[in-house]
A.B. asks: 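I'd like to ask you about the structure that follows.
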Amino acid sequence: MIGLRGIWLSAAAAAAMLVSGCAPPLGLDKAAPAVIGIRPATVMVNFTADSITPATVEGDAGVAGRRVTIDDPARVASISKLVAAIAVMRLVEQGKLDLDRDISDYLGWKVRNPAFPDAPITLRALLSHQSGLRDAVDYIVPLDGSLEPVLVDPKAWDAGHAPGTYFSYANINSPLIASVMEGATQERFDRLMARLVLTPLGLDACYNWGAGCSDGRRAQAVTLLRPNGDLARDAVMKGADPCAVYPASDGSCDVDKMYELGRNGSAFSPQGGLRISARDLSKVGQLLLRNGAPLLSPNSFANMLGPVWTFDGKNGDDDKGYFMAYGLGVHWLVDKEGRQWFGHVGEAYSLRAGFWINPAEQRGFYRYVTMVDEFSIVGHCFDRCP
């Protein structure tokens, strides 16, 4: 395994993780008492373009006595970014988005790094983490709120590097991408994802339990627990989730009434809120092994993979070797045998996951584990998960 990094969080850093998808925003999930007798879930599925093969399916789905299966939907954290990028590329193919156009044109409000007021922000820069945005502000805003005032804050930006010139991984890019998608189409992000990616592939999956999941799917969720049994995300629930998004400023949760398109892309957690089973994510992997077919043209697929950014020693924050190359929503790595893989990691709410595709050998895998200590060493979840 390459590029392992250690994370030691101060109290301030731990608080910052509330907005990164690595801990629950206040009010979404409350701590539950420690649960005895629940085993961490350990799941691994191998796939080729024509087959899906379970390799490891062990432990519980966050509930004592309920064994995890490869068909249980789990929140896959930042792997959500890669799936969202497929939808962006579909909209580019349809002429509704341009990767190099000023995103302000789609939003109806201006987005600028205060240190570089004349430099437009583009989707290419957002998708490749070269926008200059940083996770130094709380970008998860109330249901009736807007990202616009958040992005006016200079603390949201890197003042030392112009947009498009420097890589630094930041979750905050994703809510802005979702807002741009909505502004260009006048369609809600979760519904866009269902229409453009999830439904065409026959997946029973959704972002923040929105469009794309079947009735009753919420009850099948893998409940994410911390090592001591406290609830991290997706509490056990029989019916629909009464509020799967961040509530409004008054505590209410009427999405249809309060949600404004193109204003608050954080609501459906494009940075980490995809709920999808191991079997269904493997079907996304099969799409990637087929060069994007049937959803993307070969040219769009190639543009998505890139890499758009490759570390040259000074053009980005490589996080001690963790990031060496990145496409549009796609992370590249090289294993210890020198083989190239692309995909993405997922690390949040005590879940660690890796979704990796080897194009040369035409194979891939998805693996995840639950109940992981969030202070433990993290990595690509490649040859193992912590």
A.B. asks: Could you tabulate the donor-acceptor pairs under 3.5 Å formed by side-chain atoms of residues 196-203, not counting sequence neighbours?
C.D. replies:
from	atom 1	to	atom 2	distance (Å)
Thr199	OG1	Ala194	O	3.1

A.B. asks: Give a yes or no on whether the backbone of Val308 and the side-chain of Tyr326 come within a donor-acceptor separation of less than 3.5 Å.
C.D. replies: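 Pair absent, no side-chain N/O of Tyr326 close to backbone of Val308.
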
A.B. asks: Got a second to check how far Ile172's CD1 is from Ile140's CD1, nearest 0.5 Å?
C.D. replies: 10.0 Å

A.B. asks: Hey, is the main chain of Gly265 close enough, under 3.5 Å, to the side chain of Ser179 for a donor-acceptor pair?
C.D. replies: yes

A.B. asks: Out of curiosity, Asn358 CG to Arg339 CZ, how far, rounded to the nearest 0.5 Å?
C.D. replies: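 Asn358 atom CG to Arg339 atom CZ measures 6.5 Å (nearest 0.5 Å).
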
A.B. asks: Would the distance check show the side chain of Arg101 and the main-chain N or O of Leu99 forming a donor-acceptor pair, the cut-off being under 3.5 Å?
C.D. replies: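 Not a single qualifying donor-acceptor pair exists.
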
A.B. asks: Decide yes or no on side-chain contact (heavy atoms from CB on, under 4.5 Å) for Ser78 and Asn171, but give the supporting numbers first.
C.D. replies: CA-CA 8 Å; Ser78 289; Asn171 286 283; 3.9 Å; yes

A.B. asks: Nearest 0.5 Å please: distance from the CZ atom of Phe342 over to the CE atom of Met304.
C.D. replies: 8.0 Å

A.B. asks: Mind checking what makes ring pair (Phe, Tyr, Trp, His ring centres under 6.0 Å) contact with Tyr166, not counting sequence neighbours?
C.D. replies: His161

A.B. asks: Which residue is it: Arg233, Met371, Arg226? I am looking for the one with a side chain to side chain contact (heavy atoms under 4.5 Å, CB included) to Ser350.
C.D. replies: Arg226

A.B. asks: Do side-chain atoms of Trp209 reach the backbone of Arg217 as a donor and acceptor pair under 3.5 angstrom?
C.D. replies: no

A.B. asks: Can you give me the closest heavy-atom contact between Ala353 and Tyr368, atom names plus distance?
C.D. replies: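 Ala353 and Tyr368 have their closest heavy atoms at CB-CB, 3.6 Å.
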
A.B. asks: Between Pro54 and Ile70, what is the shortest heavy-atom contact and its length?
C.D. replies: CG-CD1, 3.8 Å

A.B. asks: Looking at Tyr106 and Gly262, would you say the former's side chain and the latter's main chain have a donor-acceptor pair under 3.5 Å?
C.D. replies: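 No; zero donor-acceptor contacts below 3.5 Å.
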
A.B. asks: Do the side chains of Ser168 and Arg134 get nearer than 4.5 Å, heavy atoms only?
C.D. replies: yes

A.B. asks: Between Arg66 and Asp60, is the salt bridge (Lys or Arg N to Asp or Glu O under 4.0 Å) condition met? List the steps.
C.D. replies: CA-CA 5 Å; Arg66 181 186 150 199; Asp60 298 317; over 6 Å; no

A.B. asks: Show the atom names and distances, to 0.1 Å, of all donor-acceptor pairs under 3.5 Å that link a side chain in residues 286-298 to residues at least two apart or in another chain.
C.D. replies:
from	atom 1	to	atom 2	distance (Å)
Gln286	NE2	Thr48	O	3.1
Gln286	NE2	Ser51	O	3.4
Arg290	NE	Ala49	O	3.2
Arg290	NH2	Ala49	O	2.2
Ser297	OG	Glu93	OE2	2.7
Ser297	OG	Ser300	N	3.1
Ser297	OG	Ser300	OG	3.3

A.B. asks: Taking all heavy atoms of Asn208 and all of Ser269, pick out the closest pair and write down the distance.
C.D. replies: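 Scanning both residues completely, I find the closest heavy atoms to be ND2-OG, 3.1 Å.
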
A.B. asks: For Pro142 and Ala248, work out which heavy atoms get closest and say how close.
C.D. replies: CB-C, 4.0 Å

A.B. asks: For Asn315, is there any backbone N or O sitting under 3.5 Å from a side-chain donor or acceptor partner on Trp309?
C.D. replies: yes

A.B. asks: Hydrophobic cluster membership, with links at side-chain heavy-atom distances under 4.5 Å among I/L/V/M/F/W/Y: are Phe116 and Phe167 in one?
C.D. replies: no

A.B. asks: Is there a donor-acceptor pair closer than 3.5 Å between any side-chain N or O of Asp335 and the backbone N or O of Trp341?
C.D. replies: no

A.B. asks: Please determine which of Ile103, Leu97, Leu123 meets the side chain to side chain contact (heavy atoms under 4.5 Å, CB included) test together with Ile177.
C.D. replies: Leu123

A.B. asks: Would you say that Phe268 contacts Met193 through its side chain, given a criterion of any heavy-atom pair below 4.5 Å between the two side chains?
C.D. replies: no

A.B. asks: Nearest 0.5 Å, please: how far is CZ in Phe365 from OG1 in Thr53?
C.D. replies: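 If we round to the nearest 0.5 Å, Thr53:OG1 and Phe365:CZ are 14.0 Å apart.
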
A.B. asks: Answer yes or no: is there a side-chain heavy-atom contact under 4.5 Å between Leu91 and Met181?
C.D. replies: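 Leu91 vs Met181: side chains touch.
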
A.B. asks: Can you confirm whether Leu126 sits close enough to Asn173 that some side-chain heavy atom of one is under 4.5 Å from a side-chain heavy atom of the other?
C.D. replies: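 With C-beta onward as the side chain, the pair touches.
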
A.B. asks: Are Tyr259 and Leu107 grouped together when hydrophobic residues (ILVMFWY) are joined by side-chain heavy atoms under 4.5 angstrom apart?
C.D. replies: yes

A.B. asks: Begin from the C-alpha positions of Arg279 and Val45 and carry the test side-chain contact (heavy atoms from CB on, under 4.5 Å) through to its verdict.
C.D. replies: CA-CA 7 Å; Arg279 188 190 303 276; Val45 176; over 6 Å; no

A.B. asks: Going by the rule side-chain contact (heavy atoms from CB on, under 4.5 Å), which residues pair with Thr122 if we only count those two or more places apart in sequence or in a different chain?
C.D. replies: Arg124, Ala125

A.B. asks: Taking all non-hydrogen atoms of both residues, which atom of Asp256 and which atom of Arg188 are closest, and how far apart?
C.D. replies: OD1-NH1, 3.2 Å

A.B. asks: Any chance NZ of Lys110 has more than 12 other-residue heavy atoms, nucleotides or ligands included, within less than 6.0 Å?
C.D. replies: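 Open: at most 12 neighbouring heavy atoms sit under 6.0 Å from NZ of Lys110.
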
A.B. asks: Is there a donor-acceptor pair under 3.5 Å between the side chain of Asp280 and the backbone N or O of Ser277?
C.D. replies: no

A.B. asks: Say whether, by atom type as modelled, one donor and one acceptor occur between the side chain of Glu374 and the main chain of Tyr349 under 3.5 angstrom.
C.D. replies: yes

A.B. asks: Heavy-atom distance under 4.5 Å between the side chains of Cys206 and Asp190, does that happen here?
C.D. replies: no

A.B. asks: Between Val83 and Phe355, is there a side-chain heavy-atom distance shorter than 4.5 Å?
C.D. replies: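 Phe355 vs Val83: side chains apart.
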
A.B. asks: Hey, what's the ring geometry for Tyr169 with Phe323, parallel, tilted or perpendicular (30° and 60° as the breaks)?
C.D. replies: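 Answer is parallel, since the angle falls under 30°.
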
A.B. asks: Would you say Ser252 and Asp250 are linked by a side-chain donor-acceptor pair, where the criterion is simply a distance under 3.5 Å?
C.D. replies: yes

A.B. asks: State yes or no: do Val63 and Ile38 share one hydrophobic cluster built from I, L, V, M, F, W and Y residues joined by side-chain heavy-atom distances below 4.5 Å, directly or via other members?
C.D. replies: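 No, Val63 does not connect to Ile38 through the hydrophobic network.
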
A.B. asks: Taking C-beta and beyond as the side chain, do Val43 and Tyr366 meet within less than 4.5 Å on heavy atoms?
C.D. replies: no

A.B. asks: Yes or no on side-chain contact (heavy atoms from CB on, under 4.5 Å) for Trp109 and Leu151, after CA distance, side-chain angles and deciding distance?
C.D. replies: CA-CA 11 Å; Trp109 43 280; Leu151 299 182; 4.0 Å; yes

A.B. asks: Check the angle between the aromatic planes of His331 and His344 and answer parallel, tilted or perpendicular using the 30° and 60° thresholds.
C.D. replies: perpendicular

A.B. asks: Is there a side-chain contact between Val68 and Arg39, using heavy atoms and a 4.5 Å cut-off?
C.D. replies: no

A.B. asks: Say you draw a straight line from OH of Tyr246 to CG of Leu143; how long is it, rounded to the nearest 0.5 Å?
C.D. replies: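 Between atom OH of Tyr246 and atom CG of Leu143 there are 11.5 Å.
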
A.B. asks: Going by side-chain heavy atoms closer than 4.5 Å, which hydrophobic residues are tied to Val369, directly or by a chain of links?
C.D. replies: Val372

A.B. asks: Checking Asp102 side chain against Ser104 main chain: does a donor-acceptor pair fall under 3.5 Å?
C.D. replies: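 Indeed, once roles are kept as given, a pair shorter than 3.5 Å links the two residues.
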
A.B. asks: When rounded to the nearest 0.5 angstrom, what distance separates NZ in Lys81 from OG in Ser174?
C.D. replies: 4.5 Å

A.B. asks: Sequence neighbours excluded, which residues qualify as side-chain contact (heavy atoms from CB on, under 4.5 Å) partners of Pro154?
C.D. replies: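 Only Pro114 meet the side-chain contact (heavy atoms from CB on, under 4.5 Å) criterion with Pro154.
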
A.B. asks: Using distance alone, with no hydrogens and no angle criterion, decide if Gln130 and Ser128 have a side-chain donor and acceptor under 3.5 Å apart.
C.D. replies: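 Yes, side-chain donor-acceptor contact under 3.5 Å.
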
A.B. asks: Passes side-chain contact (heavy atoms from CB on, under 4.5 Å), Cys381 versus Arg367? Steps please.
C.D. replies: CA-CA 7 Å; Cys381 212; Arg367 70 193 314 156; 4.0 Å; yes

A.B. asks: If every non-hydrogen atom of Ala119 is compared with every non-hydrogen atom of Arg112, which pair is closest and at what distance?
C.D. replies: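 Looking at all heavy atoms of both residues, the closest pair is O-CD, 3.3 Å.
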
